Amino acid sequence: MNDRMRGLPLPGSAAEFVASVVRPEVRAQKAYVVAPAAGLIKLEANENPWALPDAVKARLATALAQVPLNRYPEGGSDALRATLRRALAIPDALGLIVGNGSDELIQLVVSALARPGATVLAPEPTFVMYRANALNAGMRFVGVALRPDFTLDRTTMLEAIQRERPAVIFLASPNNPTGMCYPAADIEALIRATSGLVVVDEAYAPFADESLLKRVSEFPNLLLMGTLSKIGMAGIRLGYAAAAPEWIDELNKVRPPYNVNSLTQTAVGALLADTGWIAQQAAAIRSERQRLAVALAQLPAVIVFPSQANFLLVRVGSADRVFDGLKARRILVKNLAGGHPLLANCLRITVGTPEENDLLLAAMNELCP
Ligand code: PMP
């Protein structure tokens, strides 16, 4: 009889077990930290600052009350996907998969393509979960630096594609945290140059002038991702990906059954029964973005980068000092300093309501005169 069978304690501490069993690339990472924001003006997470309109809330309440929570959700989210296709004009020729946020879809793409030695490539700085998911799946991650003004260097990217032969390239457009779109001609050149998959992540496209959605079926190796998170529905966790049906068939094999819960599936039907409120809120965010950008650019100590997203990237004299000063005034933004060498002294400020933006501007006037 061994110790375990006798019920005796196992030799060694949990830390020793973890060190010998968990992969080093996982242990080397830090878990994604969500900053506590209770009582603060929340301008750090690229959320939509407005609540749902009352009529939408009422529709949602009625629909959610009917959800049979004793049953598993509908496995393929069929009704939800039909609603999304209609509301977002996703072409019929494309396959469509939904996930628990686009975060989950990034994970699914990476896990379908992970094999020893395979590479994930992305311009950097960008959304940190591309790197984290690549490492978690045991893949290599190669970041290719954007230019110091955060534009894409097409030549460097093409050289990296030749050299690294990536299995997948992630292009967030508009990019987080820079706010800029990559020119369609550059994206197209990368799609044509790679023998891997290109994921264009359009999480912020509702605030941009352009989208590749209508063109996805032109490319056999393009997958387009989107999310409801930035347009007022971050709490329901719903992301989607559209691509040639052959890609979606494979992603469905790595997707957990019931990955989108039944409250979310039903909520989407009620939320997207009309989309006028979404367009209205997105238009208000765009116009406030413009007002904020102009006002911040007038401060001599602040550089504002052009943004097509619902946030602004700014460079200040000392990101740490301004971040702390804003926090002392109960305003939470994202301090990007330390995240990437190009982001020295950079803050990311989500566009808030007009009142929130006024408070931010007043604080920035004091902190960056
Ligand atoms: N892609 C990009 C570029 C993002 O910035 C984010 C959110 N920070 C996501 C994907 C994930 O969004 P969600 O999981 O909420 O759909």
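Everything numeric here is computed off the predicted structure, so don't read it as measured data. Indexing begins at 1, ligand by ligand and atom by atom, following the structure's order.
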Would you say the ring centroid of F141 lies under 6.0 angstrom from that of Y130?
-> no

Verify the ring-centre separation between F170 and F127: is it less than 6.0 angstrom?
-> no

Starting from atom 4 (C) of ligand 1, locate the nearest protein heavy atom and write down its residue, its atom name and how far away it is, to 0.1 Å.
-> Y204 OH, 3.7 Å

Give the residue, atom name and distance (to 0.1 Å) of the protein heavy atom nearest atom 6 (C) of ligand 1.
-> F127 CZ, 3.5 Å

Nearest 0.5 Å, what's the [atom1]-[atom2] distance between [X] and [Y]?
X: L343; Y: E124; atom1: CG; atom2: CD; result: 9.5 Å
X: T266; Y: L80; atom1: OG1; atom2: CG; result: 9.0 Å
X: D103; Y: M225; atom1: CG; atom2: CE; result: 9.5 Å

Show me which atoms of ligand 1 lie under 4.0 Å from any heavy atom of [X].
X: D103; answer: 11 (C), 14 (O)
X: A203; answer: 1 (N), 2 (C)
X: D201; answer: 1 (N), 2 (C), 3 (C), 10 (C)

Hey, does G239 sit under 4.0 Å from ligand 1 if you only count heavy atoms?
-> no

Taking the non-hydrogen atoms of N46, is any one of them nearer than 4.0 angstrom to ligand 1?
-> no

Kindly assign one of parallel, tilted or perpendicular to the pair Y72 and Y258, based on the angle between their ring planes and the thresholds 30° and 60°.
-> parallel

Has ligand 1 got any nitrogen or oxygen that is less than 3.5 angstrom from a nitrogen or oxygen of S102?
-> yes

Short N/O distance, under 3.5 Å, between R237 and ligand 1?
-> yes

Heavy-atom count around R71 CZ within 6.0 Å, excluding the residue itself: above 12?
-> no

[X], portion touching ligand 1 at heavy-atom distance under 4.0 Å:
X: S229; result: side chain
X: M225; result: neither
X: K230; result: side chain

What is the minimum heavy-atom distance between M233 and L271, and which atoms define it?
-> SD-CD1, 3.7 Å

